[in-house]
Amino acid sequence: MNLARFPRIRLGHLPTPLEPMENLSKHLGGPRLWIKRDDATGLSTGGNKTRKLEYLMADALAQHDGAGADTVITQGATQSNHARQTAAAAAKLGLACHILLEDRTGYEDAAYARSGNVLLDLLHGATISRFPGGTDMAAAMEARAAELRAEGHRPYVIPGGGSNPVGALGYVNAALELVNQAAEMGLRIDHLVHATGSSGTQAGLVAGLVALNAGIPVLGIGVRAPRPQQEANVLSLAQRTAAHLGLPEGTVRAEHVVANCDYVGQGYGIPTEGMVDAIRLLAEKEGILLDPVYSGKGMAGLIDLVRQGRFGKDENVVFLHTGGAVGLFAYPDAFGVG
Ligand SMILES: *Cc1c(COP(=O)(O)O)cnc(C)c1O
């Protein structure tokens with residue numbers, strides 16, 4: 001695996017810290033819980049999309065026979081962290097940014113529709129357009145790209161969540177970073193747990209860790225799709241990412257991909273009691289802010305699995321904090337302060 005042959009633009013503050021969560025570990029009575037701070041990547045308050053955008057934006061600037069894209073188009077839910085970080089990356093690189101937002105939750109209050117990530121999208125100068133839930137967003141992006149091309153622009157379409165084999169390279173890089181960091185610290189990582197949505201994070205981690213023969217199992221906590229669909233999505237993208245990396249076919253197999261989708265609740269972006277409790281607990285015990293859509297549900301899953309005794313007391317479990325705390329400002333009602 002030779003990651004350096006893929007073009008990359010530095011956008012993040014890397015490596016991100018890997019820190020113990022001593023108070024939470026004590027509170028839960030073990031295992032040894034650690035946190036990998038990908039919420040601290042820097043770009044527009046940070047988050048996991050920064051790593052993907054390092055490769056996606058480099059690819060955008062290599063398109064159109066080397067002239068480079070002049071506009072990026074992407075899509076997400078109203079409170080998309082991916083949209084916000086894409087808008088910031090485009091601003092930094094001097095590209096126009098069109099963000100297509102899908103109303104997946106049906107929330108209409110001002111905080112949800114205009115605060116949090118939406119406020120930051122606008123501050124970064126992105127053009128926002130809104131679509132009803134259930135819209136074919138990939139088709140909507142292609143239609144926008146066609147319009148822009150007809151006007152003489154050079155658009156580059158980034159899929160939702162930045163999840164394709166180019167974006168997933170960011171998490172192959174994160175796998176390398178984590179394994180090196182653990183080696184320097186003398187830390188044996190027994191499990192890596194994180195929130196999984198559009199699949200690029202888990203797919204990149206799995207492809208990278210398997211390629212490194214790291215022996216670190218990854219558990220994705222789902223936030224949207226049921227388990228069979230989530231695992232199929234991750235496996236497909238992990239295998240396509242491995243192929244993009246030039247790894248032999250059969251390197252990534254179904255047994256490497258595990259998702260637990262028991263903590264979604266009523267649906268994507270809809271608060272659960274476990275999410276609220278997990279966010280309060282991390283805020284009070286560790287001074288760490290999680291987010292209501294992804295890392296809060298991911299941590300709710302991890303805490304529940306710890307309480308079920310699924311991890312050995314002496315095991316080291318790393319939670320990958322994927323960011324998104326800006327989304328807290330869109331959900332004041334969930335925390336009783338609306
Ligand atoms: C996008 C996102 C995720 C999920 O990552 P995927 O690569 O889409 O699976 C997790 N946490 C946060 C905060 C995110 O914004």
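Remember, it's a predicted structure, so these values are computed and weren't measured experimentally. Remember, it's 1-based here, ligands and their atoms both numbered in the order they're listed.
Near ligand 1, residues Asn48, Lys49, Lys52, Asn81, Ser163, Ala195, Thr196, Gly197, Ser198, Ser199, Gly200, Thr201, Asp291, Tyr294, Thr322, Gly323, Gly324 each place a heavy atom inside the 4.0 Å sphere around the ligand atoms.
Remark: Asp121 pairs with no residue by the salt bridge (charged side-chain N to carboxylate O under 4.0 Å, His left out) rule, at least two apart or across chains.
Using a distance-only test at 3.5 Å, with no hydrogens or angles considered, no donor-acceptor pair links the side chain of Arg37 to the main chain of Pro17.
Proximity of the aromatic rings of His194 and Phe319 is defined here by a centroid distance below 6.0 angstrom, and this criterion is not met. Between Tyr112 and Tyr331, the ring center distance clears the sub-6.0 Å criterion.
Under the 4.5 angstrom side-chain criterion for Ile, Leu, Val, Met, Phe, Trp and Tyr, the cluster partners of Leu101 are Ile99, Val118, Leu122, Ile128.
Among residues at least two apart or in separate chains, side chain to side chain donor-acceptor pair (under 3.5 Å) pairs with a member in residues 158-173 are Asp38-Tyr171, Lys52-Ser163, Ser163-Ser198.
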